[in-house]
*Asks:* 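Encoded as structure tokens, here's the structure I'll be asking about.
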Amino acid sequence: MSNRIGDNYSVLIYGQSHAPSIGAVIEGLPAGFKPDWDAVGAFMARRAPGSNAMSTARKEADLPEILAGLNENGETCGAPLAMRIVNGDHRSTDYAKLKDVPRPGHADYPASVRYNSANDIRGGGQFSGRLTAPLCFAGALALQLLEKEGIRIRARVSRLAGIDDIEMDAADPQLDALCEGPLPVLDKSVAEKMTEAVAQAKSEGDSVGGLIECYAVGVPAGLGDPMFDGIENRLTRTFFGIPAVRGVEFGLGFKAADLRGSEHNDAYRMEDGTVRTVTNRHGGILGGITTGMPIIARIAIKPTPSIAKAQPSVSLSEKSNTELVISGRHDPCIIPRAVPCVEAAMAIALYDIILESRKESSQWT
């Protein structure tokens, strides 16, 4: 099923942007786990619409309502945990004409073909970034469980509108050095330039994209499998559940293509009885298996396709060319709200892998 991810920590997401609600059913939570709901709420608030000056003006509280899965003490009881988020502040009339005139850069046309024109066009339907709210809920729980395992995940904006943040030490990423706010970067002055670039694009009726770099520190060596179930494969599949993602790379990624082996290889060393690498160009993964070094994934986020500029399109009913001007409320840059989504996706995939490893270990003992 395309709306489900994970075999051991399994997350099924349902709903559409303008449906009465969206939500998730989560299986694999350990019984007796008492979530920190304040932390969950704070995490989800980072991706909520209207959370910063660069996001859409649509206001949604995104308050999760737990429907099942907790006992009388507020602990997970071993049953699937079901939650929903009620949709409220939407303007479905903004999307009426899009049934006939598909938006460039959106899934309107291919979804119409795939679902025989029965797809829900309002707010993008099931293709909307709105579905990342339950993804973030599931990720927030996974983040808390990973912290108990000594694993910490955090992402930063490494590039926005062609503006780069300063380099992070890949072998020892200083996650606490990232500044707070909608644009977590190492250099605050860079965040100011990025914000100005978003404002400029918005004033011109346009949008911008960029790169998010996500780190997982404390991941033990030996997790994963070769070939089709490698760590990269499973992380990438989860990242691409975020609608705006256009590309994923690990470590140096595509830059490795321009290097010699002597330049790309990471030398090994012993450090307090543990095997480490001096550098971390491999991004914590070799042969689909974790090396014990920080996992580093870089995710490309496209510019928001809904822009105020007039764009060429077609009329499906008249089979003719036409022009489309998109109305409604949209993000001039999705990057700030995508940062927690990337962290959530990383957490969901890694916790699923850890549970799988634990299951396999028990079979050999």
Side-chain angles (χ1 to χ4, degrees), residues 1-29 33 35-51 55-56 58-70 74 76 79-90 107 119-120 122-146 153 155 212 214 234-235 237-245 299 301 331 334 336-352:
M1 293 173 60
S2 66
N3 282 59
R4 182 191 293 274
I5 192 73
D7 297 318
N8 306 280
Y9 184 68
S10 174
V11 181
L12 172 65
I13 293 176
Y14 78 85
Q16 305 105 256
S17 180
H18 289 195
S21 69
I22 54 178
V25 177
I26 304 170
E27 295 181 285
L29 288 165
F33 167 53
D36 180 342
W37 295 116
D38 289 338
V40 171
F43 183 78
M44 294 186 66
R46 291 168 55 200
R47 71 140 304 278
S51 59
S55 71
T56 172
R58 177 176 176 177
K59 298 291 184 181
E60 293 281 8
D62 283 357
L63 298 176
E65 177 186 357
I66 309 302
L67 303 176
L70 301 179
T76 53
L81 189 148
M83 59 79 71
R84 73 170 181 174
I85 297 171
V86 175
N87 285 331
D89 182 23
H90 48 66
N119 57 301
D120 185 357
R122 301 167 302 166
Q126 63 176 309
F127 301 93
S128 170
R130 187 98 186 95
L131 275 295
T132 60
L135 179 82
C136 281
F137 175 87
L141 297 181
L143 283 167
Q144 292 183 29
L145 291 164
L146 287 171
I153 292 174
I212 295 173
C214 192
R234 295 171 68 168
L235 285 173
R237 181 172 182 237
T238 314
F239 288 140
F240 271 106
I242 302 168
V245 171
I299 295 90
I301 305 294
D331 300 77
I334 202 69
R337 296 174 60 202
V339 169
C341 300
V342 167
E343 294 173 352
M346 174 84 89
I348 289 168
L350 280 183
Y351 190 60
D352 181 55

*Asks:* Please name the pair of heavy atoms, one in A24 and one in Y14, separated by the smallest distance, quoted to 0.1 Å.
*Replies:* N-CE2, 3.8 Å

*Asks:* Can you sort out the partners of D120 under side chain to side chain contact (heavy atoms under 4.5 Å, CB included), two or more places apart, ordered by chain and number?
*Replies:*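 Counting only residues at least two positions away or on another chain, D120 forms a side chain to side chain contact (heavy atoms under 4.5 Å, CB included) with Q16, R122.
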
*Asks:* Going by side chain to side chain contact (heavy atoms under 4.5 Å, CB included), name the residues that satisfy it together with Q144, two or more places apart in sequence or in a different chain.
*Replies:*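 Counting only residues at least two positions away or on another chain, Q144 forms a side chain to side chain contact (heavy atoms under 4.5 Å, CB included) with F33, P35, D36, A39, V40.
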
*Asks:* Rounded to the nearest 0.5 Å, what's the gap from CG on L146 to CD1 on I348? Could you check?
*Replies:*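 Here the interatomic distance stands at 10.5 Å.
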
*Asks:* Distance from I334 atom CD1 to I242 atom CD1, nearest 0.5 Å?
*Replies:*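 If I round to the nearest 0.5 Å, the distance is 10.5 Å.
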
*Asks:* Could you work out, with side-chain hydrogen bond (donor to acceptor under 3.5 Å, both in side chains) as the rule, every residue matching T76, not counting sequence neighbours?
*Replies:*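 For T76, no residue satisfies side-chain hydrogen bond (donor to acceptor under 3.5 Å, both in side chains) once neighbours in sequence are set aside.
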
*Asks:* Does A19 offer a backbone N or O that forms a donor-acceptor pair with the side chain of N87 under 3.5 Å?
*Replies:*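 It does hold such a pair.
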
*Asks:* So which atom in A347 and which in G139 form the shortest heavy-atom distance, rounded to 0.1 Å?
*Replies:*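 The answer is CB-O, 3.8 Å.
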
*Asks:* Ion pair present between D62 and R130, side-chain N to carboxylate O less than 4.0 angstrom?
*Replies:*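 Result for this pair is yes, salt bridge flagged.
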
*Asks:* With sequence neighbours left out, what residues match L131 under side chain to side chain contact (heavy atoms under 4.5 Å, CB included)?
*Replies:* I13, I22

*Asks:* Is there side-chain contact between L145 and L29, with at least one heavy-atom pair below 4.5 Å?
*Replies:* yes

*Asks:* Starting from the C-alpha separation in whole Å, work towards a yes-or-no answer on side chain to side chain contact (heavy atoms under 4.5 Å, CB included) for R337 and T132.
*Replies:* CA-CA 10 Å; R337 296 174 60 202; T132 60; 5.9 Å; no

*Asks:* Output the distance between atom CH2 (W37) and atom CD1 (I66), rounded to the nearest 0.5 Å.
*Replies:*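 Going from the CH2 atom of W37 to the CD1 atom of I66 covers 4.0 Å.
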
*Asks:* Could you give the distance from OH (Y9) to CG (L350), rounded to the nearest 0.5 Å?
*Replies:* 12.5 Å

*Asks:* Residues two or more places apart in sequence or in another chain: which of them pass side-chain hydrogen bond (donor to acceptor under 3.5 Å, both in side chains) with T238?
*Replies:*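 None.
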
*Asks:* Name all residues meeting the side chain to side chain contact (heavy atoms under 4.5 Å, CB included) criterion together with A82; count only those two or more places apart in sequence or in a different chain, and write none if there are none.
*Replies:* V25, L67, A68

*Asks:* Show the nearest heavy-atom pair for residues R4 and S10, with the distance to one decimal.
*Replies:* NH1-OG, 2.8 Å

*Asks:* Is it the case that the side chain of S17 and the backbone of G124 share a donor-acceptor pair, with hydrogens and angles ignored and the cut-off at 3.5 Å?
*Replies:*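 Side chain of S17 to backbone of G124: no pair is present.
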
*Asks:* Could you tell me which non-hydrogen atom of G123 sits nearest to which non-hydrogen atom of H18, and how far apart they are?
*Replies:*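 Of all heavy-atom pairs spanning G123 and H18, the closest is CA-NE2, 3.7 Å.
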
*Asks:* So F127 and P243, do their side chains get closer than 4.5 Å, heavy atoms only?
*Replies:* no

*Asks:* Rounded to the nearest 0.5 Å, how far does CG of L143 lie from OH of Y351?
*Replies:*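 Reported to 0.5 Å precision, the distance equals 12.0 Å.
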
*Asks:* Just how far is it from atom CE of M346 to atom CZ of F239, taken to the nearest 0.5 Å?
*Replies:*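 Nearest 0.5 Å value for the CE-CZ distance: 4.5 Å.
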
*Asks:* Please answer whether the main-chain N or O of G28 pairs with a side-chain N or O of N8 as donor and acceptor at a distance below 3.5 Å.
*Replies:*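 No; zero donor-acceptor contacts below 3.5 Å.
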
*Asks:* Closest approach of M83 and P134, non-hydrogen atoms and distance?
*Replies:* SD-CB, 4.2 Å

*Asks:* Among I299, L235, V245, whose side chain to side chain contact (heavy atoms under 4.5 Å, CB included) with F240 holds?
*Replies:*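 Among I299, L235, V245, the one that satisfies the side chain to side chain contact (heavy atoms under 4.5 Å, CB included) with F240 is V245.
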
*Asks:* Check R47 with E343, please: is the shortest side-chain N to carboxylate O separation under 4.0 Å?
*Replies:* no

